[in-house]
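For reference, the structure is listed below as structure tokens.
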Amino acid sequence: MKTGYVYLTGAGPGDPKLLTIKALESIKESDVIIYDRLVNEEILKECKEGAELIYAGKFPKNHTLRQEQIHALLGEKAKEGKIVTRLKGGDPFVFGRGGEEAVYLRERGIPFEIIPGVTAGIAAPAYAGIPVTHRDFGGTFAVVTGHYSKQRKKEMWEALAKGIDTVIFYMGMSELREITAMLIKYGKDRETPAAVIEWGTTEKQKTVATTLCNLADEVKKNGLKNPAIVIVGEVVQLHNHIPWFQKEGIVL
Ligand code: SAH
């Protein structure tokens with residue numbers, strides 16, 4: 001029996017042209033593509049004729065169950081001898097559960113390959129004119145999930161507030177007020193430049209750039225929602241000097 005093959009592929013942050021050549025090749029070659037919500041539909045048009053496209057978001061809301069079903073589906077399709085692309089927004093290993101899928105495949109002896117992607121936490125700021133590092137404004141950056149902010153240890157907040165120049169939150173919108181308050185509480189200057197970038201790298205991109213203490217209010221006032229990246233640090237002030245992509249929209 002022919003064994004299948006799985007590509008765990010990053011689709012990039014939104015702009016379809018940020019897809020890597022390897023990612024494009026995996027999409028063109030695959031019999032089955034299992035894709036996530038944030039994957040730009042333009043990219044799916046690159047699949048071969050007759051390829052089966054499966055939206056992973058149709059599985060149950062319960063995250064554990066959904067992940068189990070995706071694992072099972074990957075295994076099932078590969079065992080049928082199919083070439084499968086598991087297509088994820090951004091990079092598959094940055095808050096993408098790609099690590100769990102790779103372990104699952106490895107344990108079952110299913111051959112696979114990881115294709116890294118351009119991650120939203122770096123690309124969305126770049127399209128908003130914000131470099132995540134800069135010799136004068138920031139030599140360290142951290143990426144953090146905004147989920148469970150309330151349960152995080154004070155050591156994490158202290159480290160982010162005092163030890164890291166640029167802090168980037170994924171999935172930070174629902175707990176934005178909490179996040180900004182904790183950073184200030186643990187020592188980040190309330191006037192630190194901070195921004196939220198919604199639908200980064202796409203035509204719908206919108207940015208709100210202000211100070212840490214005003215961020216939650218400004219974001220609410222301007223109606224920015226998910227998907228969005230929250231970025232805090234002196235580098236954010238550069239957005240005024242490098243407005244190369246987003247010529248319109250809200251830039252405070
Ligand atoms: N693996 C992805 C991240 C998945 S987690 C990556 O590497 O980019 C999903 C979160 O990513 C969203 O809640 C949002 O915070 C962020 N995100 C993904 N695409 C985005 C985009 N185009 N603009 C802004 N944020 C984005």
Side-chain angles (χ1 to χ4, degrees), residues 7-20 22-23 26-27 33-44 55-57 59 61 63 66-67 70 85-102 114-132 141-149 160 166-180 194-209 215-216 219 222-233 235-236 239 245-246 249-251:
Y7 294 101
L8 297 177
T9 302
D15 180 346
K17 291 198 171 173
L18 290 178
L19 200 67
T20 64
K22 257 194 156 175
S26 83
I27 292 162
I33 296 173
I34 306 171
Y35 65 99
D36 280 345
R37 188 173 65 90
L38 287 174
V39 170
N40 191 321
E41 304 252 320
E42 283 299 308
I43 291 171
L44 298 174
Y55 173 48
F59 296 114
K61 273 227 151 44
H63 278 236
R66 179 190 298 163
Q67 198 56 38
I70 293 170
T85 288
R86 172 73 179 105
L87 194 59
K88 294 159 180 291
D91 181 277
F93 279 3
V94 180
F95 305 124
R97 308 195 74 161
E100 291 156 65
E101 290 167 14
I114 316 288
I115 304 180
V118 175
T119 192
I122 296 174
Y127 273 51
I130 302 168
V132 296
F141 72 91
V143 293
V144 185
T145 164
H147 281 166
Y148 317 113
S149 283
L160 295 179
T166 307
V167 187
I168 298 160
F169 291 91
Y170 291 68
M171 298 167 281
M173 293 302 269
S174 57
E175 296 186 40
L176 185 59
R177 207 164 281 280
E178 184 76 16
I179 286 168
T180 53
V196 165
I197 305 137
E198 178 195 71
W199 283 113
T201 82
T202 74
E203 282 157 13
K204 294 184 278 182
Q205 176 175 310
K206 274 190 188 160
T207 306
V208 162
L215 189 63
V219 162
N222 290 290
L224 266 62
K225 299 207 174 65
N226 264 321
I229 287 293
V230 182
I231 178 165
V232 180
V235 290
V236 172
H239 82 94
F245 172 74
Q246 189 183 323
I250 314 149
V251 175

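Counting starts at 1 for both ligands and their atoms, in listed order. Note that the coordinates shown come from a computational prediction; the quantities given were computed from them, not determined experimentally. Counting from 1, the numbers follow the sequence of the chain as shown.
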Mind checking whether Arg86 and Ile70 have side chains closer than 4.5 Å, heavy atoms only?
yes
Any N or O of Phe95 that comes nearer than 3.5 Å to an N or O of ligand 1?
no
Would one find an N or O of Ala124, backbone or side chain, under 3.5 Å from an N or O of ligand 1?
no
Does Gly14 come within less than 4.0 Å of ligand 1, judged by its heavy atoms?
no
Which of the ligand 1 atoms, numbered from 1, are nearer than 4.0 Å to a heavy atom of Thr119
6 (C), 7 (O), 8 (O)
Could you check atom 17 (N) of ligand 1 against the protein and tell me its nearest heavy-atom contact, residue, atom and distance included?
Ala120 CB, 3.6 Å
Using a heavy-atom cut-off of under 4.0 Å, does the side chain or the backbone of Leu38 touch ligand 1, or both, or neither?
side chain
Exercise: identify the closest heavy-atom pair between Thr180 and Ala216
OG1-CB, 4.4 Å
Closer than 4.0 Å to some heavy atom of Asp91 - which atoms of ligand 1 meet that?
1 (N), 6 (C), 7 (O)
Does Thr166 use its side chain to pair, donor to acceptor, with the backbone of Val132 at less than 3.5 Å?
yes
Got a donor-acceptor contact below 3.5 angstrom from the Thr20 side chain to the Ala23 backbone?
yes
Report yes if the side chains of Arg97 and Arg66 come closer than 4.5 Å at any heavy-atom pair, otherwise no.
no
For atom 21 (C) of ligand 1, what's the nearest protein heavy atom and its distance?
Gly200 N, 3.5 Å
Any sub-3.5 Å donor-acceptor pair from Lys204's side-chain atoms to Trp199's backbone N or O?
no
Indicate yes or no for a side-chain donor-acceptor contact from Glu198 to the backbone of Lys225 under 3.5 Å, with no hydrogens or angles considered.
yes
Pull out every atom of ligand 1 sitting under 4.0 Å from any heavy atom of Ile197, numbered as shown with elements.
24 (C)
For atom 14 (C) of ligand 1, which protein heavy atom lies nearest, and how many Å away is it?
Ala228 O, 3.4 Å
Give a yes or no answer on whether the side chain of Tyr170 reaches the backbone of Gly121 with a donor-acceptor pair at less than 3.5 Å.
yes
Within less than 4.0 angstrom of ligand 1, does Ile229 place any heavy atom?
yes
Heavy-atom pairs closer than 4.0 Å: do any link ligand 1 to the side chain of Trp199, the backbone, both, or neither?
backbone
For atom 13 (O) of ligand 1, what's the nearest protein heavy atom and its distance?
Met171 CG, 3.2 Å
Is there a polar contact, in the sense of an N or O pair closer than 3.5 Å, between Gly121 and ligand 1?
no
Ligand-side contact atoms (ligand 1) for residue partner Pro13, heavy atom cut-off under 4.0 Å:
19 (N), 21 (C), 22 (N)
Side chains of Tyr127 and Asp15, heavy atoms from C-beta outward: is any pair under 4.5 Å?
yes
Distance under 4.0 Å to a non-hydrogen atom of Asn226: what atoms of ligand 1 satisfy this?
13 (O)
Give yes if a backbone or side-chain nitrogen or oxygen of Val94 is under 3.5 Å from a nitrogen or oxygen of ligand 1, and no if not.
yes
Would you check whether Gly89 has a nitrogen or oxygen atom less than 3.5 angstrom from a nitrogen or oxygen atom of ligand 1?
yes
Would you say the side chain of Val230 lies within less than 4.5 Å of the side chain of Leu215, judging by non-hydrogen atoms?
yes
With a 3.5 Å distance limit and no angle check, can you tell me whether Asn222 reaches the backbone of Leu224 through a side-chain donor-acceptor pair?
no
Just need the protein heavy atom nearest to atom 11 (O) of ligand 1, so name the residue and atom and give the distance.
Tyr170 CD2, 3.5 Å
Would you check if the side chain of Thr145 reaches a backbone N or O of His147 as a donor-acceptor pair within less than 3.5 Å?
yes
